[in-house]
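Below you'll find the structure, written out as structure tokens, and then a few comments.
Residue numbers count from 1 along this sequence.
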Amino acid sequence: MSNTIGRGLLNQSPYHPTFPEHQNKSYSITPANSLYHATSPSFVSTKSAHQIQNLLVSTKFREKNFSTAKTKLPPGRRQKVSRIPCAVLATDPSSELAGRFNLDGGSELQIDVKTPASGSLTQVNMQVTNSSNTLILHWGALHDRKKEWTLPPRRPSGTNIYKNRALRTPFVKTGSESSLTLEIDDPDIRAIEFLILDEAQNKWFKDNGGNFRVQLTKDNMRSNVLASPNVSVPEDLVQIQAYLRWERNGKQAYSPEQEKEEFEAARTELLQEVARGTSVEELRAKLTKKDDNSKGPVVRKSKIPDDLVQIQAYIRWEKAGKPNYPPEKQLMEFEEARRDLELELEKGSSLDEIQDKIIKGNIQAKVSKQLQTEKYFTIERIQRKKRDILHLLNKYATESVEETLSPAPKAPTALELWSQAREEQDGGQFLNKKLFKMNDGELLVLATHNPGSGKIKVYVATDLKEPLALHWGLSKESMEWMAPPPSTLPPGSISLEKACETQFVEDSSRDPFYQVQSVEIVVNEGDFKGMPFVLLSNGKWIKNNDSDFYIEFDSGPKKVKKDAGDGKGTAKALLDKIASMESEAQKSFMHRFNIAAELVEWAKNAGELGLAGILVWMRFMATRQLIWNKNYNVKPREISKAQDRLTDTLQNIYESNPQYREILRMIMSTVGRGGEGDVGQRIRDEILVIQRNNDCKGGMMEEWHQKLHNNTSPDDVAICQALIDYISSDFNIDVYWNTLKSNGITKERLLSYDRGIHSEPSFRRDQKGSLLRDLGHYMRTLKAVHSGADLESSIANCMGYKSEGQGFMVGVHVNPIPGLPSGFPELLRFILEHIEDKKVEHLLEGLLEARVELRPLLLKSHNRLKDLLFLDIALDSTVRTAIERGYEELKSAEPEKIMYFITLVLENLALSSDNNEDLIYCLKGWNCAIDMSKNRNDKWALYAKSILDRTRLALASKAEHYHQVLQPSAEYLGSLLGVDQWALNIFTEEIIRAGSAASLSVLLNRLDPVLRKTAHLGSWQIISPVEVVGYVVVVDELLSVQNKSYERPTILVAKRVKGEEEIPDGTVAVLTPDMPDVLSHVSVRARNCKVCFATCFDSNILTGLQANEGKLLQLKPTSADIIYREIKDSELVDARSPNSPENGSAPSITLVRKEFIGRYAISAQEFTSDMVGAKSRNISYLKGKVPSWVGIPTSVALPFGTFEKVLAHGSNQAVAEKVKILKRRLGEEDFSALGEIRKTVLQLQAPTQLVKELKDTMLSSGMPWPGDEGEKRWEQAWTAIKKVWGSKWNERAYFSTRKVKLDHDYLCMAVLVQEIINADYAFVIHTTNPSSGDSSEIYAEVVKGLGETLVGAYPGRALSFVCKKNNLDSPKILGYPSKPVGLFIRQSIIFRSDSNGEDLEGYAGAGLYDSVPMDKEEKVVLDYSLDPLIVDGNFCMSILSSIARAGSAIEELYGSPQDIEGVVKDGKIFVVQTRPQM
């Protein structure tokens, strides 16, 4: 941020002081609209009140003392107006009736004028009886010597400016009457003129056909007063009156010229008062007397020394909690402190007694230090309000949309049909095609080239009906006119000077609807660059928005368009429309924004993918991948108006569609704010004022002026900043170019503008100060239009500002946004005061506090919602830039501080996210980790590591969502528009980098090694410790290679491992940064297959391993590390790994086909190896044998052969035939048949006997029958059973059986039926530690909710612990949970797979097949900060100890290590299955 801009925004005060050149100038940042300018003088502590009775004090500490507001001036020189608060001038108003007018319908207008005795404020009261609800006052003021209306700056609320020529103010309706009051404070205004508009009826009320007029003053009053040499007023009273005027006008920011005008206006008011007979003493008494309506402090004589007042004020401030007082409150507090002490005097205390009473301890030292080091009544750090973080929760998740809406196809227009016919007829290459909209039709211009012909054909066609002539020329430079050579003239053409005129010829189509008239021109290739033209109709010229039409014969460098693909995963119809409109959009920003505004509604109806298309398009524009302006002049106000239209549309969608707010914010940040037309027009006007005021009308400034006049763009913000930096660096031209380069602007780009910038800036040294001032103001104007994320302009827009016009230049008045939170302006001032601090912690706190305060306003309707949104976007962006600047601050910081910074950035990310539930719970987790660290909890680092892992998962999920939503649209639209391939490749990545997620990731990476070191975690987690040798292969995800067979021993370095994958044949090791559970399927498979499997937490180590791709490495795992070295191929035989291909193929597993026993359902007491698998038998065996405190759920089963029996049933004959055909395809290695078989199995009908037997068996076993709740419930149960059977053909299981040459046809599937326990927690136990092989130690993992998140492919880690079997009361936690989601379900039934292919000798088939609940599980985002297993140490130890005891008891029962699954409900342990640990 430029210092110049910063001061310009902050130092908004009524008047700016002047300094003689030889004096030092001292500047300090003061909040906007404060009572004092930053350089306003202050009290000296040694002065007493009676010495300064006529001066008011600033209570802001400055330098090392207070100073009096006395200014010595040379004789004869008027004293400059000072910023001194005082009482409002008290007056006795008088009133007179100015007029009564009859309107129509029994309605009457009555006007009276009230003029205070002092003449400082005149009130014009209007009242209309029997009025409508929609009356508008259309008005202006008449000044001396001016005939035109002027627009008074003091206006009633709700007033709008109409075309810069009048004001429009709505009447206030009360009962049957409407009223309005105007306050006039300008003595030069001699009359008010107005009309009244009934807006509902569009009816004007006039005074006998003319304007109503209200006379305010006698014409000669002012001149008589000013002409009298004997009438004068003291300068200090003029200062006070000037302050009052500034205060009444809303404390606006005045230019130096306005300050002078205001000062003289104040003098005039007092002179008028004196002329009426008021004495100077009476004036002084009125101005210095406290009035009830005045906000200023009382000025009085006082016996209290100011040093005591200072101390008392400090004590009051300290007792109030050291709040950040605004200037007005500072003054009030200082005077209140004086009153406190005066009351003590009145009670009889002496000054010595008061001094002894308040000066205690080190209070004087505190005050002295405050005076020396800090600003009085200000703070260096805000106090953030204590809030419940859950108030920031958003749950607006968008649903994935594949198919999107597109408008119904329209019938082709006459020109479209005509164009299509010409394209087919010529069959050449398109050079350019343009379509222009006109009032009564369209104009099409087509330039084609047939390679080898040496000719260019230009077609101009229109569907206008009236006779037309084409007035045209040719050009070698853009937009120039040259006479066409005779050889190019169509028949009947007339040659003119530098042009030619050709009549349009009607097309010969028989269908009158499709008739067009056209002109065909043939030009030699290479002779000319383009063709300018206009149309002539009945003696009238038809132009392109007051400019000539123009068609280029070469539309510029052709970007090679790639194959766009099928547009899958996009709003394809919308993107096709955008691509078709791009040639029109690239004319100017006005065209692009207007087109976008028209397409946004379509995009909204297409859902998230539609809005993603708009974002991609706008992002291509913002990153200069698309043409900004092409041979089209447009006024800045037209651009800002188009921006306004687009952002208003986006605002409306934001308000009504909360699920799209995140992506809408992104779109708005690429567009810029825009604004009322006057703001845009100032871009054009203000540059002329800068040139005139600074005598720089030629060279680069003139070229830039021409560029701005032709088409302003966001580049102008960078150019202005480059000029400011160049001038500030004492005219170092390298600084100018470096600023441009850092903003992506090269010399070539400057030259490429329609009005190119060829020159470098060159100024005189005496221009430096005024140029910096003027360019600083101009930067605000540029940013107001172009910068959506600029903080200063966003704050100014919300807090309100006013810029008067100079000469021809329009003025701008932006009102403050009403309804802002209390103290919000002061908070924004704090931010601006600290915006460039090197240490950013306090700034970040302020930015986040501002965003949180702003949030409620963003969630509801507001007439200035757009401005609030742009402020929030700017605050969000500033957090990112601040945190990047703060990296240096964190280099040697303690972990606690890094964690605190993480909470700030995480809060910022949550505030910008539609669905932030996971982020909010991460934030709560970090706050818990900080508290644990402060309380010296020895588990803090271990807990913080789990929160860090979860936060990383949340960022990965967000990035994946962005990639899924945005990248397909970027690639499809980019290919249509010819966008550079590199820009498409990194599109989503750059979107992520632009937000807080990237900054958060950097902080997590900094903290990770610190936590691992503190928690003694090391750089690895060894899941399967096997020493291996293999060749390194790097893959993105294990899933993509799970069915591959490697011919040589392979060490896979996989970026992603979910947990359900198979390990490919030939793989000896899998190393990953991902975090699958130690007891996940892939972890179990790795241990069973003797494959080294480990998670690497250190990105540097992982990068080193990836760099060894193709090399032969030896891996040696230890308990917490992996040591590797490169070896030679000759060493491979000696170091062969157990899973190497050279060690022989996997043994063949033989299955025994199971036959149907004649029964569809059996109870647990009947389970045998001929009927069910080991899963069912084991659970039956446990019943009655485990300790009573371990629960076993009731079970029944559908035995082996039931599926085959149902398939062979007569009602399923068609299904059986289809399965047979699909199995044949599968045998031919058409693996797509797997999914089709699963779908076909779902078509099975249940035999009546199966339903009866299953019902009887379940009821007799004490289980509920689903059909009792209705037929639909039974259908749910039957579908779940079929899904279990169908899982025989899931890909993972099928390929796993192929590897061990298991006969898939012999695989039989029983179905174990159990009641679901609605669990609080689920666990898996291995009674021998699987990582170390220690049989004396139990290892277990626990998740919240159902166990599917533990054994399935759900991201994150479970809570893990070990427990010695000889000390089951002392479990040791190894890691806290990081799983973001838990699964919960109603009381229901689960159908578990139980095949004859599980738990075989030499083959672990467990977990390959599906278990399906009858009801769908509910996914719940988990808040571990409320989980007693995490926060209640006693509860945690009790549950973990019980789990360990259950595992030990079951192992003792079987006499061998067990793999046990179970749940916890209300503190009770339930075991749902057990199997031998493999």
Answer whether the closest heavy-atom distance between the side chains of D1410 and S1393 falls below 4.5 Å. no

Short side-chain donor-acceptor distance under 3.5 Å, S1360 and E1341: no

Taking N1396 for its side chain and C1308 for its backbone only, find out whether a donor-acceptor pair lies under 3.5 Å. yes

Lys/Arg-Asp/Glu bridge criterion (N-O < 4.0 Å) met for E1418, R1386: no

Can you confirm whether the side chains of D1459 and Q1477 place a donor and an acceptor under 3.5 Å from each other? no

Using ring-ring contact (aromatic ring centres under 6.0 Å, His included) as the criterion, list what pairs up with Y1160, not counting sequence neighbours. F1156

Might you point out which heavy atoms bring E1253 and A1161 nearest each other, and give the distance in Å? OE1-N, 3.6 Å

Are the side chain of K1465 and the backbone N or O of N1318 linked by a donor-acceptor pair below 3.5 Å? yes

Would you indicate whether E960, at its atom CD, is surrounded by more than 12 heavy atoms from other residues, nucleotides or ligands within a distance under 6.0 Å? no

What heavy-atom pair brings G1356 and K1379 nearest, and what distance separates the two atoms? O-NZ, 2.9 Å

For C1436 and I1373, run side chain to side chain contact (heavy atoms under 4.5 Å, CB included): C-alpha distance rounded to whole Å, both residues' side-chain angles, the deciding distance at 0.1 Å, then the answer. CA-CA 10 Å; C1436 178; I1373 295 175; 3.8 Å; yes

Using atom types as modelled and distance alone, determine if a side-chain donor or acceptor of T1014 lies under 3.5 Å from a backbone N or O of V1010. yes

Look at E1291 together with R1238 and state whether they make a salt bridge at an N to O cut-off of under 4.0 Å. yes

Side-chain touch D1268/K1255, heavy atoms, less than 4.5 angstrom: yes

Any side-chain heavy atom of S1448 within less than 4.5 Å of one from I1338? yes

Within the distance-only criterion (no hydrogens, no angle test), does the side chain of D1334 pair as donor or acceptor with the backbone N or O of S1336 below 3.5 angstrom? yes

Going by an N to O cut-off under 4.0 Å, is there a salt bridge joining K1364 and D1369? no

Any salt bridge linking D1074 with R952? Criterion: basic side-chain nitrogen under 4.0 Å from a carboxylate oxygen. no

Shortest non-hydrogen contact between L1374 and L1017, atoms and distance: O-CD2, 4.4 Å

Which heavy atom of I1022 sits nearest to which heavy atom of P1117, and what is that distance? CG2-CB, 4.1 Å

For the residue pair F1203 and W1285, categorise the inter-ring angle as parallel (less than 30°), tilted (30 to 60°) or perpendicular (more than 60°). tilted

Please check if any side-chain donor atom of D949 sits under 3.5 Å from a side-chain acceptor atom of Y1376, or the reverse. no

Would you name the heavy atoms of R1475 and E1461 that are closest together and state the gap between them? NH1-OE2, 3.8 Å

Side chain to side chain contact (heavy atoms under 4.5 Å, CB included) evaluation trace for L1346 with I1385: CA-CA 8 Å; L1346 300 179; I1385 198 169; 3.9 Å; yes

Nearest 0.5 Å, please: how far is OH in Y1354 from CG in L953? 14.5 Å

Would K945 count as a cation-pi partner of Y943, with NZ or CZ less than 6.0 Å from the six-membered ring centre and within 45° of the ring normal? no

Do R950 and R1357 make a side-chain contact, defined as non-hydrogen atoms from C-beta onward lying under 4.5 Å apart? no

Please check: side-chain N/O of N1290 versus main-chain N/O of S1287, any donor-acceptor pairing under 3.5 Å? yes

Identify the two heavy atoms, one from A1054 and one from P1073, that lie closest to each other, and give their separation to 0.1 Å. O-CD, 3.3 Å

Examine the side chains of Q1314 and R1392 and answer whether a donor and an acceptor come within less than 3.5 Å of each other. yes

Would E1037 and K1058 pass as an ion pair if we require N to O under 4.0 Å? no

We want to know whether S1425 and D1423 form a side-chain donor-acceptor pair, criterion being a heavy-atom distance below 3.5 angstrom. yes

K1183 side chain to I1192 main-chain N or O, any donor-acceptor pair under 3.5 Å? yes

Could you tell me whether the side chain of F1323 reaches within less than 4.5 Å of the side chain of I1469, counting heavy atoms only? yes

Would you find a donor on one side and an acceptor on the other, under 3.5 Å apart, between the side chain of N937 and the backbone of M932? no

Can you check whether D1394's main-chain N or O pairs, donor with acceptor, with K1175's side chain at less than 3.5 Å? no

Minimum side-chain heavy-atom gap D1427-L1422 below 4.5 Å: no

Please assess F1200 against D1170 for the test side chain to side chain contact (heavy atoms under 4.5 Å, CB included), listing each intermediate value before the final yes or no. CA-CA 8 Å; F1200 290 139; D1170 291 330; over 6 Å; no

Are the side chains of S913 and K958 in touch, meaning some heavy atoms are under 4.5 Å apart? yes

Can you check side chain to side chain contact (heavy atoms under 4.5 Å, CB included) on Y921 and L390, steps first, answer last? CA-CA 9 Å; Y921 295 149; L390 291 179; 3.7 Å; yes

Have E1166 and S1163 got a donor and an acceptor in their side chains that come within less than 3.5 Å? yes

Kindly say whether the aromatic ring centers of W926 and W940 come within a distance under 6.0 Å. no

How many angstroms lie between atom OG of S1195 and atom CD1 of I1162, to the nearest 0.5 angstrom? 11.0 Å

Under a 4.5 Å cut-off applied to non-hydrogen side-chain atoms, are E896 and K934 in contact? yes

Above 12 or not: heavy atoms from other molecules or residues under 6.0 Å from NZ of K1468? yes

Give, for atom CZ of R1177 and atom CG of L1312, the distance between the pair rounded to the nearest 0.5 Å. 12.0 Å

Listed partners of Y1181 passing ring-ring contact (aromatic ring centres under 6.0 Å, His included), at least two apart: Y1454

With distance as the sole criterion, is a donor-acceptor pair present between the side chains of N1367 and S1370 under 3.5 Å? yes

Determine whether a donor-acceptor pair (N or O, by modelled atom type, separation under 3.5 Å) exists between the side chain of D1432 and the backbone of F1435. yes

For E1451 and T1327, test the side chains for any donor-to-acceptor distance below 3.5 angstrom and give the result as yes or no. yes

Ignoring hydrogens and angles, state whether a donor on the side chain of N1178 or T1474 is under 3.5 Å from an acceptor on the partner side chain. no

Quick one: does S1442's side chain have a donor or acceptor within less than 3.5 Å of a partner on S1438's backbone? yes

